[in-house]
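Scroll down for the structure; my scribbles are underneath it.
Chain naming here is simple, since letters A, B, ... match the order of the sequence lines and numbering starts at 1 in each. None of these values were measured; they are calculated from a predicted model.
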Amino acid sequence: MLIKYALEDFSPVEVAFFQAAIGAVGLLGIVLVEGGEARRAVLDIVRRPLQAILLGALAIAAPFILI
Amino acid sequence: MFVAFFAPFLDRSAEINRIQALGLIVGLVGVALVVGVQAVGSLGQLLGALAILGAAASGAISSFVVKLQYRDKNVPPTTTTLFSLTVGAVLVAPFAAITASGDAPGARAVIAVIVLGLACTAVTFLLYYQLIAEVGEERAALGNYLTPIFALFYGVILLGEHLTIDEVIGLALIIVGAEITLRGDSAKRGGGKAKAHEYRAHPPFH
């Protein structure tokens with residue numbers, strides 16, 4: 001139902017982008033508040049960019065665009 | 001099904017036994033009935049169905065990446081979700097820019113994408129990656145079978161849609177398939193009756 005409303009003014013790929021981007025902003029806030037292990041893990045992931053790109057492509061970009 | 005298909009190549013600990021395979025097939029038939037695969041009659045509908053299969057396969061492989069690259073290295077689900085969404089947004093951005101209409105969106109559409117981003121995407125992926133961390137990718141993926149059930153429920157409650165006999169049969173098959181798969185999982189883990197009782201008392205996806 002929400003996707004139906006969103007598609008009234010956005011293209012399907014725009015909806016996919018905003019879903020991921022807004023979700024990321026929300027989670028960034030959680031990670032910053034959580035601190036500790038969650039924040040330290042950010043550095044660990046940044047040091048391994050290929051795995052992060054693979055995950056983002058497989059979990060978000062491909063399924064969101066295909067669906 | 002895709003998690004089971006890829007497990008022998010990517011993570012042998014996630015391989016399923018025959019009971020679990022039976023449960024997954026029963027559940028998959030249920031999903032097909034609910035989704036309406038029997039009504040596919042044009043090339044466009046076939047391509048749409050193939051796109052859904054491609055999305056499911058992609059999601060299944062991503063669950064192995066989560067487990068092997070992040071969960072096994074003790075990365076918290078919040079951080080894993082943050083990066084998958086951030087990278088996903090960056091990868092989708094060029095396509096979104098190309099397809100953007102350029103007109104100012106209405107308030108209803110803006111509110112819809114905000115709720116979709118925060119509740120339906122961030123929270124959903126957070127819970128999913130938490131599930132992968134706690135119960136493994138093959139059992140976490142089983143939660144996806146519940147999606148059509150909720151879609152039907154919301155369709156009936158919020159949009160006034162009518163249930164068909166195919167959908168009712170499909171729902172029953174999904175529930176039976178999930179139960180068979182969980183029993184097969186109990187057998188694989190060697191928990192016997194005590195474990196099976198534990199799952200019934202505390203279903204992992206509720």
Honestly, the part of Leu50(B) sitting under 4.5 Å from a heavy atom of chain A is neither
Taking the side chain as every heavy atom from C-beta outward, state whether Leu55(A) and Phe83(B) have any atom pair closer than 4.5 Å.
no
Picking from Ala122(B), Ala57(B), Ser84(B), which has the most non-hydrogen pairs under 4.5 angstrom with chain A?
Ser84(B)
Examine whether an atom of Leu7(A) lies under 4.5 Å from a heavy atom of chain B, and if so say whether it belongs to the side chain, the backbone or both; otherwise answer neither.
neither
So does Leu58(A) get a backbone contact from the side chain of Ser58(B), meaning a donor-acceptor N/O pair under 3.5 Å?
yes
As an exercise: rank Ala100(B), Ala104(B), Ala97(B), Ala60(B) by heavy-atom pairs under 4.5 Å with chain A and give me the winner.
Ala100(B)
For Ala112(B) and Leu2(A), work out which heavy atoms get closest and say how close.
CB-O, 3.4 Å
Rounded distance (nearest 0.5 Å) linking atom CG of Leu118(B) with atom CD of Gln19(A)
10.5 Å
Between Ala24(A), Ala61(A), Ala16(A), Ala21(A), which has the largest tally of heavy atom pairs under 4.5 Å with chain B?
Ala24(A)
Atom of Val15(A), atom of Leu116(B) and distance for their closest heavy-atom approach:
CG1-CD1, 4.0 Å
Interchain contact, Glu14(A) with chain B, by part (heavy-atom threshold 4.5 Å)
both
What closest approach, in Å, do Gly23(A) and Leu85(B) show between heavy atoms, and which atom pair accounts for it?
C-CD1, 3.6 Å
Output the distance between atom CG (Leu28(A)) and atom OG1 (Thr86(B)), rounded to the nearest 0.5 Å.
7.5 Å
Ala96(B) to Phe17(A) - nearest heavy-atom pair and separation
CB-CB, 3.7 Å
So Asp9(A) and Asp103(B), side chain to side chain contact (heavy atoms under 4.5 Å, CB included) or not? Walk me through it.
CA-CA 8 Å; Asp9(A) 293 323; Asp103(B) 298 330; over 6 Å; no
Top contributor to chain A contacts, counting heavy-atom pairs under 4.5 Å, from Ala119(B), Gly88(B), Ala56(B):
Gly88(B)
I'd like to know which of Ile111(B), Leu91(B), Ile98(B) tops the heavy-atom pair count under 4.5 Å against chain A.
Leu91(B)
For Ile53(A) versus Val87(B), what's the shortest heavy-atom pair and its separation?
CA-CG1, 3.6 Å
Which bit of Phe10(A) is near chain B, if near means a heavy-atom gap under 4.5 Å: side chain, backbone, both or neither?
side chain
Measure Ile30(A) against the heavy atoms of chain B and call it side chain, backbone, both or neither at under 4.5 Å.
side chain
